[in-house]
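A quick write-up on the structure given underneath.
Naming convention: chains lettered A, B, ... in sequence-line order (proteins, then strands); numbering from 1 in each chain. Heavy atoms only: backbone and side chains are in, while hydrogens, waters and symmetry mates are out.
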There are 2 protein chains.
Amino acid sequence: MKPEVREKVEAFLKEKGLRVTRPREMIIETIFESEDHFSAEELQDKVRAVDAGASRATVYRTLSILVESGLLREIDLGLGVTYYDPNFIDHPNHNHLICVDCHRVVEFEDAHMAVLEDCITRRLGFSTASTSIRIEANCEELKQKGVCRKGHR
Amino acid sequence: MKPEVREKVEAFLKEKGLRVTRPREMIIETIFESEDHFSAEELQDKVRAVDAGASRATVYRTLSILVESGLLREIDLGLGVTYYDPNFIDHPNHNHLICVDCHRVVEFEDAHMAVLEDCITRRLGFSTASTSIRIEANCEELKQKGVCRKGHR
DNA sequence: GTTTCTGCAAAGGTTTTGCAACAAA
DNA sequence: TTTGTTGCAAAACCTTTGCAGAAAC
């Protein structure tokens with residue numbers, strides 16, 4: 001876990017008066033030790049691998065707390081399960097491109113996009129306090145060579 | 001149902017050799033007689049209101065067929081239920097702005113956005129065959145006046 | 001010692017599916 | 001008549017919740 005992330009997480013726990021329990025600690029550690037997106041189930045499997053684990057209920061409850069605090073963000077990859085993104089602490093303005101072929105997710109930041117997004121949003125009568133852009137696309141590699149790095153499909 | 005929509009839907013049914021049954025007819029008619037987004041449950045309620053209705057299973061099965069055919073698109077409004085958008089036949093390139101405050105959904109098309117989206121997508125190694133952009137935003141009206149037209153929250 | 005948290009198991013809600021009866025072509 | 005479709009009910013899924021025991025502070 002990066003120092004600045006650890007700092008924010010610890011500050012958050014202290015501020016909210018949340019108790020530092022073993023399951024909670026393990027879950028938070030596991031989430032922020034990687035930049036990968038994950039589902040609740042994937043998280044639980046990871047936690048179980050390094051420790052006694054935590055119950056499904058505790059996993060969901062901890063996720064819920066972190067999302068509410070803004071440290072973690074829910075993202076929809078169109079797979080019918082909620083995924084979570086731990087990278088918003090480091091990159092508050094990133095967006096996602098989701099490959100509909102291989103389900104690969106690529107994070108990107110683009111200043112032009114941010115400006116344009118802001119224009120459009122205002123024009124429609126909204127403010128940009130909390131926007132997120134998701135692009136669904138097709139894998140060029142798959143289209144041309146019939147395969148893609150992730151190997152799905 | 002607009003003529004061009006009816007044309008495409010009928011062509012699709014014929015091409016796939018799908019039978020024109022009463023429930024199927026009613027469901028398709030109901031979907032495309034309005035431009036509203038809807039959930040499976042909302043659709044079933046609407047169908048039930050004008051006719052004997054159709055079972056939940058048939059509603060879901062018909063939705064599934066239409067989505068597969070490209071006549072209807074699933075959209076995620078972040079409400080935990082799948083919503084459907086019947087407007088892609090008329091406006092294949094529109095995008096959605098979703099108000100996280102009132103859940104209002106605004107459709108928009110923007111040429112600059114389309115170009116930029118294409119640039120970013122290519123730069124990342126993907127093709128733009130099937131992209132969609134979703135902007136989450138806050139309602140300006142709600143922020144300033146404490147209410148918004150939809151009345152939620 | 002309080003207060004919060006955990007785990008379990010049950011419940012909740014949406015979507016899918018197996019199967020026998022039924023209807024379209 | 002043949003083949004595809006329907007409806008029902010059950011199952012499958014993911015996620016949430018009530019509650020009693022356990023753990024943090």
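Contacts between residues 66-75 of chain B and DNA chain D, defined by a heavy-atom separation below 4.0 Å, involve no residue at all. Near-neighbour residues of DNA chain D inside residues 24-33 of chain B, defined by a heavy atom below 4.0 Å, number-ordered: R24(B).
When the side-chain hydrogen bond (donor to acceptor under 3.5 Å, both in side chains) test is applied to S64(B), no partner is found at least two apart in sequence or on another chain. Under the salt bridge (Lys or Arg N to Asp or Glu O under 4.0 Å) criterion, E33(A) pairs with no residue, sequence neighbours left out. Residues passing the salt bridge (Lys or Arg N to Asp or Glu O under 4.0 Å) test with R56(B): none are found, sequence neighbours excluded. Scored by the side-chain contact (heavy atoms from CB on, under 4.5 Å) test, E15(A) finds no partners at all (sequence neighbours excluded). Applying the side-chain hydrogen bond (donor to acceptor under 3.5 Å, both in side chains) test to E109(A) and every residue at least two apart in sequence or in another chain returns H91(A).
In plain terms, the two heavy atoms of A137(B) and T121(A) that are nearest each other are CB-CG2, 3.7 Å. Scanning both residues, C139(A) and C99(A), for their nearest heavy atoms gives CB-SG, 3.4 Å. Minimum interatomic distance between E35(B) and K2(B) (heavy atoms only, all atoms of both residues): OE2-NZ, 3.6 Å. Shown here for I27(B) and A54(B), the closest heavy-atom pair between the two residues is CD1-CB, 3.9 Å. Here the closest non-hydrogen pair linking E140(A) and G125(B) is CB-O, 3.1 Å.
Recorded end-axis angle for the helix from dG1(C)-dC25(D) to dA25(C)-dT1(D) stands at 30°, based on five pairs per end and rounded to 10 degrees.
Note: the hydrophobic cluster containing V81(A) also contains V105(A) (ILVMFWY, side chain heavy atoms under 4.5 Å, direct or indirect links).
Residues V106(B) and H96(B) fail the side-chain proximity criterion, which asks for heavy atoms closer than 4.5 Å. The closest side-chain heavy-atom distance from P23(B) to M26(B) is not below 4.5 Å. Residues E117(A) and D110(B) form no side-chain contact, since every pair of their non-hydrogen atoms from C-beta on lies 4.5 Å or further apart.
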In B/S/- notation, 5' to 3', how is nucleotides 9-17 of chain C contacted by protein heavy atoms closer than 4.0 Å? -----SBBB
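With ring centers used as reference points, F88(A) lies under 6.0 Å from H94(A).
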Look for any protein N or O under 3.5 Å of an N or O in nucleotides 22-25 of chain C and output each such pair with its distance, or none.
residue: dA24(C); atom: N3; partner: R19(B); partner atom: NH1; Å: 3.1
residue: dA25(C); atom: OP1; partner: V20(B); partner atom: N; Å: 3.4

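Remark: the backbone N or O of E7(A) is not paired with any side-chain donor or acceptor of E10(A) at under 3.5 angstrom.
A nucleotide of DNA chain D counts as in contact with chain A when one of its atoms lies under 4.0 Å from a heavy atom; the first and last such, 5' to 3', are dC14(D) to dC25(D).
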Which atom pairs, donor and acceptor, lie under 3.5 Å between side-chain atoms of residues 69-80 of chain A and protein residues at least two apart or in another chain?
residue: S69(A); atom: OG; partner: L66(A); partner atom: O; Å: 2.7
residue: S69(A); atom: OG; partner: L71(A); partner atom: N; Å: 3.2
residue: D76(A); atom: OD1; partner: G78(A); partner atom: N; Å: 3.3
residue: D76(A); atom: OD2; partner: R134(A); partner atom: NH1; Å: 2.5

